[in-house]
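Written below as structure tokens is the structure these notes are about.
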There are 2 protein chains.
Amino acid sequence: MTGRTGPADSEATRKPRRSTQQKSAISAELSTLGGFVSAQELHRLLNASGSGIGVATVYRQLNRLADDGEIDTVTSPDGERLFRSCHTAEHHHHIVCRQCGTAVEISPPVEQWLDDVGRSNGFTAISHTFEVFGICADCSTSAETS
Amino acid sequence: MTGRTGPADSEATRKPRRSTQQKSAISAELSTLGGFVSAQELHRLLNASGSGIGVATVYRQLNRLADDGEIDTVTSPDGERLFRSCHTAEHHHHIVCRQCGTAVEISPPVEQWLDDVGRSNGFTAISHTFEVFGICADCSTSAETS
DNA sequence: TCCACTAGTGATAACGACTATCAATAAATA
DNA sequence: TATTTATTGATAGTCGTTATCACTAGTGGA
């Protein structure tokens, strides 16, 4: 016991969360982009526009935002994690453009199905990833005319 | 023109393929294991049982086997690739035990659905990953009784 | 308003998975 | 058996991501 009063963890698990310029810059950039971006790319973009945010901070904030459910994450085919600001809190999936990161939300008919399959095979604590990549209409037309 | 006769690429793209002890050892270990393993783990196991196979070789063979469709690959939630010998050549998915790597083949009702969704959103060249992880019956019971 | 406290930052080292390099080795073929 | 060259293995390098740690800057109280 330290004797400090403290905010007595308002939510389930207390998490101080202090608002900083970097955090705002990151979320801002993320929402103006719209599509999915890698942490590396985001870091590059942020520094290109002047702010001297470090890589570590980008990763930190991105992870935190993801934990808090404020952004969506996806793992690209080559193992890189991609992020995008998302407003739907509930579980959903995307079809993501390999080229520009544009994403459309989809709801594949697998959630219920998965439960059944898991149960009937004796599996518990089931988690799943369903990620779809493709080339969006814009990118495929611009590729043709080049 | 080198003048060599050569096998005139029997398949689509010619690929010499020479049979080596290492390759056999790797596929053997893979099929006795049964479940999914990471390249690193496989390398560890192989060296534990005497053979002095290098990491590079493990990765090379694993990649080659995967390319040839002789083994299945899956990407774990933390980005590591897992391999297992598989006999079904056609496209399918698995539900994999996070603990022991045991896998059951599943065929989620998404293949056709995906086509439709992709088309209706203007996406082409669609690829998808659908990976399910859980704890198998064996592992969950052994965890209880510990 | 000033201060103490500490979450958050940033530079960089470290880490882990994976790949490239390259001399040496060992299958296949003549 | 000799020749050719695919394959190997040790190792350095790449790349994404995280840990470390001294320092900076929100925040709440005096």
Side-chain angles (χ1 to χ4, degrees), chain A residues 2-11 13-27 29 36-47 50-68 71 73-83 101, chain B residues 1-11 13-27 29 36-47 50-68 71 73-83:
Chain A
T2 54
R4 292 194 74 262
T5 333
D9 56 324
S10 44
E11 297 299 310
T13 51
R14 98 217 84 137
K15 36 192 170 181
R17 300 302 133 94
R18 190 173 284 188
S19 72
T20 66
Q21 296 183 333
Q22 292 84 340
K23 179 174 180 174
S24 323
I26 289 171
S27 345
E29 185 70 37
F36 278 92
V37 231
S38 68
Q40 300 286 349
E41 174 109 14
L42 187 60
H43 176 241
R44 212 177 309 127
L45 290 169
L46 284 167
N47 283 20
S51 55
I53 300 182
V55 229
T57 301
V58 174
Y59 276 101
R60 258 186 304 243
Q61 287 300 347
L62 246 25
N63 284 337
R64 170 164 299 182
L65 286 167
D67 280 351
D68 294 357
I71 62 174
T73 67
V74 138
T75 303
S76 84
D78 41 279
E80 199 178 13
R81 274 165 67 202
L82 308 177
F83 306 82
Chain B
M1 268 295 176
T2 53
R4 292 195 75 264
T5 334
D9 55 325
S10 46
E11 297 299 311
T13 50
R14 99 217 83 135
K15 36 190 169 180
R17 301 299 132 98
R18 190 172 283 185
S19 74
T20 66
Q21 297 184 330
Q22 292 83 341
K23 180 174 178 175
S24 324
I26 289 171
S27 341
E29 185 71 35
F36 279 92
V37 229
S38 69
Q40 299 286 349
E41 174 110 14
L42 187 60
H43 175 242
R44 212 176 310 128
L45 288 170
L46 285 166
N47 284 20
S51 54
I53 300 181
V55 230
T57 301
V58 174
Y59 276 102
R60 260 186 303 243
Q61 287 300 348
L62 247 23
N63 284 338
R64 171 164 299 181
L65 287 168
D67 281 350
D68 295 356
I71 61 174
T73 66
V74 136
T75 303
S76 83
D78 42 277
E80 199 177 16
R81 276 165 66 203
L82 307 178
F83 306 83

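Computed from a predicted model, the values in this text were never measured in an experiment. Computed from heavy atoms alone, side chains included, the values below leave out hydrogens, waters and symmetry copies.
Nucleic acid contact class of A:Gly52 (heavy atoms, under 4.0 Å, all strands): sugar-phosphate only. Backbone-only engagement by B:Asn63 is indicated by non-hydrogen atom pairs under 4.0 Å involving sugar-phosphate atoms exclusively. Backbone-only engagement by A:Ser19 is indicated by non-hydrogen atom pairs under 4.0 Å involving sugar-phosphate atoms exclusively.
In this structure, A:Leu62 atom CG and C:dG10 atom P are separated by 14 Å, rounded to whole Å. Taking atom CD of B:Glu41 as the reference point, atom P of C:dA17 lies 11 Å away to the nearest angstrom. Spacing between atom CD of B:Gln61 and atom P of C:dA27 amounts to 13 Å, rounded to whole angstrom units. Atom CD in A:Gln40 sits roughly 8 Å away from atom C1' in D:dT17 (whole-Å rounding). Between the C1' atom of D:dA25 and the CD atom of A:Gln21 lies a distance of 9 Å, rounded to the nearest Å. Remark: P of D:dG16 and CG of B:Asp78 are 17 Å apart, rounded to the nearest angstrom. The interatomic distance linking A:Gln22 (CD) with C:dG8 (P) rounds to 11 Å, in whole Å. Note: CG (B:Leu65) to P (D:dT7) measures 12 Å, nearest angstrom.
Phosphate contact (OP1/OP2 of C:dA27, side-chain N/O of B:Arg17, threshold under 4.0 Å): absent. For D:dA25, neither phosphate oxygen OP1 nor OP2 lies less than 4.0 angstrom from any side-chain nitrogen or oxygen of A:Thr20.
Closest of all the heavy-atom pairs between B:Ser76 and B:Leu82 is CB-CD1, 4.0 Å. Closest of all the heavy-atom pairs between A:Ile71 and A:Ala66 is CG1-N, 3.5 Å. Of all heavy-atom pairs between B:Val58 and B:Ile26, the closest is CA-CD1, 3.8 Å.
Mapping B:Lys23 and B:Val55 onto DNA chain D by nearest heavy atom places B:Lys23 at the nucleotide closer to the 5' end.
The distance from atom CD of B:Gln61 to atom CD of B:Gln22, rounded to the nearest 0.5 Å, is 8.0 Å. Between A:Ile53 atom CD1 and A:Leu45 atom CG the span is 11.5 Å, to the nearest 0.5 Å.
Not a single donor-acceptor contact under 3.5 angstrom links the side-chain atoms of B:Arg60 to the base of C:dT19. Interface remark: the A:Arg81 side chain does not form any donor-acceptor pair with the D:dT17 base, using a distance-only criterion of under 3.5 Å.
Of the listed nucleotides (D:dG26, D:dG9, C:dG10), D:dG9 has the atom at the smallest distance from the side chain of B:Thr57. Comparing atom distances between the A:Ala56 side chain and each of D:dA19, C:dA28, D:dG9 picks out D:dA19 as nearest. In this structure, the nucleotide among C:dG10, D:dT8, D:dA25 sitting nearest to the side chain of A:Arg18 is D:dA25. In this structure, of D:dG16, C:dC18, C:dG8, it is D:dG16 that holds the atom nearest to the side chain of A:Tyr59.
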